[in-house]
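To keep things clear, I will list the structure first and then write my remarks on it.
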Amino acid sequence: MMKLEREIKISHQVDVVLQIFADPTFTIPRIFPNVNRIKVDGEKFEAEGKVTLSSYHLTGRVFLGYNEVKYVYDSDKGGGVLKISKVDENVIRITLEYDGSLLARIGSIIVNSNLNKLEKNINEEIRLERIKRKI
């Protein structure tokens, strides 16, 4: 198993941030590379995307815990666990554990870049999402 971890400072209430991250249509495209389709059915989700020239299909479930949102996923390229958890009132930790296949390693470069983008834009993205969802 390989692991990426990032702590991100937030300026919104942590419970609201976790509530938004519990929605796969918000989270999956921001973490996984080049997602072009996502379908949600209750706590289950399916997504399709591309890493370099290779397409992938992702299926999984969302689990809500105390101060944590966990995505357990599997794909035709390997699987893993994505956790978004509260560190304190101003910080969340995003942890992605995944299998160590070559494609997963290439994908991890893109995921790392996505995490950098998310870290830079998270407060604005959460703000816009709160307006859209009226929370």
Side-chain angles (χ1 to χ4, degrees):
M1 281 301 248
M2 298 176 79
K3 187 173 176 176
L4 279 175
E5 197 168 75
R6 180 77 49 93
E7 289 195 355
I8 298 178
K9 202 166 170 28
I10 53 170
S11 62
H12 298 271
Q13 297 99 318
V14 91
D15 56 329
V16 171
V17 172
L18 290 176
Q19 185 184 339
I20 290 170
F21 271 105
D23 179 356
T25 59
F26 178 84
T27 304
I28 299 298
R30 284 172 174 77
I31 305 288
F32 291 91
N34 309 318
V35 171
N36 51 35
R37 190 182 77 79
I38 184 156
K39 191 174 100 192
V40 177
D41 179 13
E43 74 276 357
K44 294 183 187 146
F45 66 89
E46 276 183 60
E48 287 174 13
K50 251 188 160 130
V51 177
T52 59
L53 299 173
S54 181
S55 294
Y56 67 89
H57 183 85
L58 200 63
T59 58
R61 288 182 89 107
V62 185
F63 297 92
L64 301 177
Y66 180 69
N67 288 330
E68 176 179 88
V69 176
K70 184 159 70 175
Y71 287 81
V72 177
Y73 69 91
D74 200 18
S75 79
D76 43 4
K77 311 290 188 224
V81 178
L82 167 66
K83 277 191 256 181
I84 299 104
S85 52
K86 171 184 175 176
V87 174
D88 62 36
E89 292 309 314
N90 305 306
V91 178
I92 58 168
R93 178 182 299 123
I94 298 176
T95 309
L96 179 63
E97 294 176 17
Y98 54 96
D99 72 13
S101 71
L102 177 64
L103 199 69
R105 286 199 293 274
I106 293 167
S108 77
I109 295 165
I110 300 165
V111 169
N112 221 4
S113 154
N114 287 357
L115 287 174
N116 289 340
K117 243 183 278 171
L118 184 62
E119 188 171 13
K120 214 168 71 185
N121 305 325
I122 190 164
N123 290 311
E124 180 61 11
E125 289 191 32
I126 296 287
R127 188 183 75 77
L128 294 172
E129 209 57 33
R130 288 183 78 163
I131 291 167
K132 196 167 95 182
R133 297 167 189 239
K134 297 177 175 59
I135 50 175

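Numbering of residues begins at 1 and proceeds along the displayed sequence.
Side-chain contact between D23 and R133: present, with at least one pair of heavy atoms (C-beta onward) separated by less than 4.5 Å. No side-chain heavy atom of L18 sits less than 4.5 Å from a side-chain heavy atom of E68. Side-chain contact between H57 and S75: absent, with no pair of heavy atoms (C-beta onward) separated by less than 4.5 Å. When side chains are defined from C-beta on, V35 does not count as touching L58, because their heavy atoms never get closer than 4.5 Å. For the pair I84 and V17, the minimum side-chain heavy-atom distance is 4.5 Å or more. Contact check for R130 versus Q13: side-chain heavy atoms found under the 4.5 Å cut-off. At a threshold of 4.5 Å between non-hydrogen side-chain atoms, the residues F45 and T25 do not count as touching. Residues N114 and R30 fail the side-chain proximity criterion, which asks for heavy atoms closer than 4.5 Å.
Residue L4 holds its CG atom at 9.5 Å from OG1 of T95, rounded to the nearest 0.5 Å. Between N34 atom CG and S54 atom OG the span is 11.5 Å, to the nearest 0.5 Å. Taken from CD1 in I110 to CG in L115, the straight-line distance is 12.0 Å, to the nearest 0.5 Å. The line from CD of E125 to CG of N123 is 10.0 Å long, rounded to the nearest 0.5 Å. Interatomic distance, I20 CD1 to H12 NE2, rounded to the nearest 0.5 Å: 7.5 Å. One distance of note links CD1 of I122 with CD1 of I8; it measures 5.0 Å at 0.5 Å rounding.
Nearest heavy-atom pair, I38 versus P29, reported as atom, atom and distance to 0.1 Å: CD1-CD, 4.5 Å. Taking each heavy atom of V62 and P24 in turn, the nearest pair found is CG2-CG, 3.6 Å.
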Evaluate L82 against T27 for side-chain contact (heavy atoms from CB on, under 4.5 Å), listing each step before the verdict.
CA-CA 10 Å; L82 167 66; T27 304; 3.8 Å; yes
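With N67 contributing its side chain and K86 its backbone, the two residues share no donor-acceptor pair below 3.5 Å.
At a threshold of 4.5 Å between side-chain heavy atoms, the hydrophobic network of Ile, Leu, Val, Met, Phe, Trp and Tyr places V40 and F63 in two separate groups. Clustering ILVMFWY residues whenever any of their side-chain heavy atoms sit less than 4.5 angstrom apart, transitively, puts M2 in the very cluster that holds V111. Put simply, I126 and L118 are part of the same group of oily side chains (I, L, V, M, F, W, Y) that touch within less than 4.5 Å, one to the next. Residues L64 and Y71 are members of one and the same hydrophobic cluster, defined by side-chain heavy-atom contacts under 4.5 angstrom among Ile, Leu, Val, Met, Phe, Trp and Tyr. Hydrophobic clustering, with ILVMFWY side chains joined whenever heavy atoms are under 4.5 angstrom apart, groups L96 together with F26.
Within 6.0 Å of CG on D41 lie no more than 12 heavy atoms contributed by other residues, nucleotides or ligands.
Between Y56 and F32, the ring centre distance reaches or exceeds 6.0 Å.
The closest side-chain donor-acceptor pair between E46 and T59, if any, does not fall under 3.5 angstrom.
Just one residue in the list I94, I92, V91 forms a side chain to side chain contact (heavy atoms under 4.5 Å, CB included) with E7, and that residue is V91.
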